[in-house]
2 protein chains.
Amino acid sequence: MSERRADTIADTLEEMIFTGAFNDGDRLDETRLAAQFNVSRTPIREALGRLVASGLAEQIPRRGVFIRQPGPVELLEMFETMAEIEGVCGRLAARRISEPALADLDAANALCTAAIEAGDTDAYYRENERFHHRIYREAGNAFLEQEALRLHRRLKPFRRMQLRVRGRMAQSMAEHEAIVAALREGAPERAAQALRAHVAVQGEKFHRLLSGLRRAAE
Amino acid sequence: MSERRADTIADTLEEMIFTGAFNDGDRLDETRLAAQFNVSRTPIREALGRLVASGLAEQIPRRGVFIRQPGPVELLEMFETMAEIEGVCGRLAARRISEPALADLDAANALCTAAIEAGDTDAYYRENERFHHRIYREAGNAFLEQEALRLHRRLKPFRRMQLRVRGRMAQSMAEHEAIVAALREGAPERAAQALRAHVAVQGEKFHRLLSGLRRAAE
DNA sequence: ATTGAAAATCTTGTATACAAAATTCTTGAC
DNA sequence: GTCAAGAATTTTGTATACAAGATTTTCAAT
């Protein structure tokens, strides 16, 4: 890996931000964090630099770096962007996907369904992620894949919010099946459309997302 | 702006990378750069961190950071991704664009055409950029807009290569007109299609790009 | 001459020291 | 009591010092 301290610290801080250990606007005090991590300010600064670069925090020149949690508007924008990028991946994948990959998507869906029946939420998230990541991969564009993974990762902490709606998981699985069907038939636009609709935040999901945000803001 | 030295140094280094002052694989020696910029290693390290974060360089743990110029494959992937993102912006913009924005696009096109006739390449690039940036804006999604701008900026140094083809500028303008027409009619898919085709690298452009790369590699 | 090991050198990563800027606190005037 | 100006204190940004790991060089043995 990279420079030992600085990077593990950055990972830890990211995790803390994702799990809500900080509130929007909180200042990340270098000296305090240095003491907290039993380390000098130098690796802390490098870690903070990484957070700023990935948009999790904001740096004001001679003032410090502050946590920057996305508000409702930005969150919707990020989800819309994710939906569009997934749509793009789907459109490209419909033309490029291989037979083993289709089998793999089917397998992921089967495991997803099993996880729902078993009530195993962790397994569900894991297989759901595998499904989506596989589609990014099958777009056949490593750069696009990286971008998709980046955004997917960024949205991870917010994705759980929107899956709590009753029956959402079952509906989600039906959508997965439709997506695979479109990919299998090599229907680019239908695949794109199905993925966009699957990822987009709308209706009940929207309300859930907002109330989740409101709760997190307290 | 941000921390004075570190950020101006990062900007300078980015510019140097873009203008080809470094070759792929070159090591960015901290002490050498420190001497060169008349500064200590600390701001250099922060600047290098920024380069690594934006993908312009690669960091190998206890070895240093190295310039990482995209090869032909990655470049094509980046252009394909750009084409798709522009397509997305166009699709969204077709539903959201305002009348003044359409007028602005027309204005940019007029100035573009004038620049071609005057042989003013700089003006052409400027107005062409204004055209595209305006479409990103009119997608009505600030997050997506930032992503589009980021990638557009990243590809800037390579874009000039592909515009040298004889008659390409005139054809490009015709495509711009078609794009505006689709946006004006509120035809999302046609706008998306037109933008994808406009940005995509294909045929003669492809050869130009490759030979440009080959030349740059010497 | 080639190969291998050990020492010397170089380079990164971290800690500490210093400087400049910003914020906070104090003090005085109204 | 409020407000403002200036001093004191924090805090960031930069420089330097030190430590650990990596690379290169040296030198001997085969």
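Quick note on labels: first sequence line is chain A, next is B, and so on, each numbered from 1.
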Checklist outcome for this item: Out of D:dT11, C:dT11, C:dA15, minimum distance to the side chain of A:P43 belongs to C:dA15
Item to check | Residue B:S40, side-chain atoms from C-beta onward, closest of C:dA15, D:dG21, D:dT14 | outcome: D:dT14
Checklist entry - What is the minimum heavy-atom distance between A:L144 and A:A139, and which atoms define it? => result CD2-CB, 4.2 Å
Between [atom2] on [N] and [atom1] on [X], what's the gap in Å once rounded to a whole number?
X: A:R41; N: D:dA15; atom1: CZ; atom2: P; result: 14 Å
X: A:R32; N: D:dT10; atom1: CZ; atom2: P; result: 16 Å
X: B:R62; N: C:dT12; atom1: CZ; atom2: C1'; result: 6 Å
X: A:E46; N: D:dT14; atom1: CD; atom2: C1'; result: 14 Å
X: B:I44; N: D:dG13; atom1: CD1; atom2: P; result: 16 Å
X: A:I60; N: C:dA22; atom1: CD1; atom2: P; result: 12 Å
X: A:L28; N: D:dG13; atom1: CG; atom2: P; result: 13 Å
X: B:R4; N: C:dA21; atom1: CZ; atom2: P; result: 7 Å

Next on the checklist: At less than 3.5 Å, do the side-chain atoms of B:R63 and the base atoms of D:dG21 form a donor-acceptor pair?
Outcome noted: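 For B:R63, whose side chain was compared with the base of D:dG21, there is no donor-acceptor pair (under 3.5 Å).
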Are [X] and [N] close enough that a side-chain N or O sits under 4.0 Å from OP1 or OP2?
X: A:Q59; N: D:dG13; result: yes
X: B:T42; N: D:dT14; result: no
X: B:R45; N: C:dG13; result: yes
X: A:R27; N: D:dT11; result: yes

Checklist entry - When you check the gap from the basic side-chain N to the acidic O, do A:R196 and A:E80 get nearer than 4.0 Å? => result no
Item to check | N-O pairing of A:R134 and A:E86 below 4.0 Å | outcome: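 Salt bridge: no.
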Next on the checklist: Would you say that A:M169 contacts A:N128 through its side chain, given a criterion of any heavy-atom pair below 4.5 Å between the two side chains?
Outcome noted: no
Checklist entry - Taking side chain as C-beta onward, heavy atoms only, is B:L183 less than 4.5 Å from B:E138? => result no
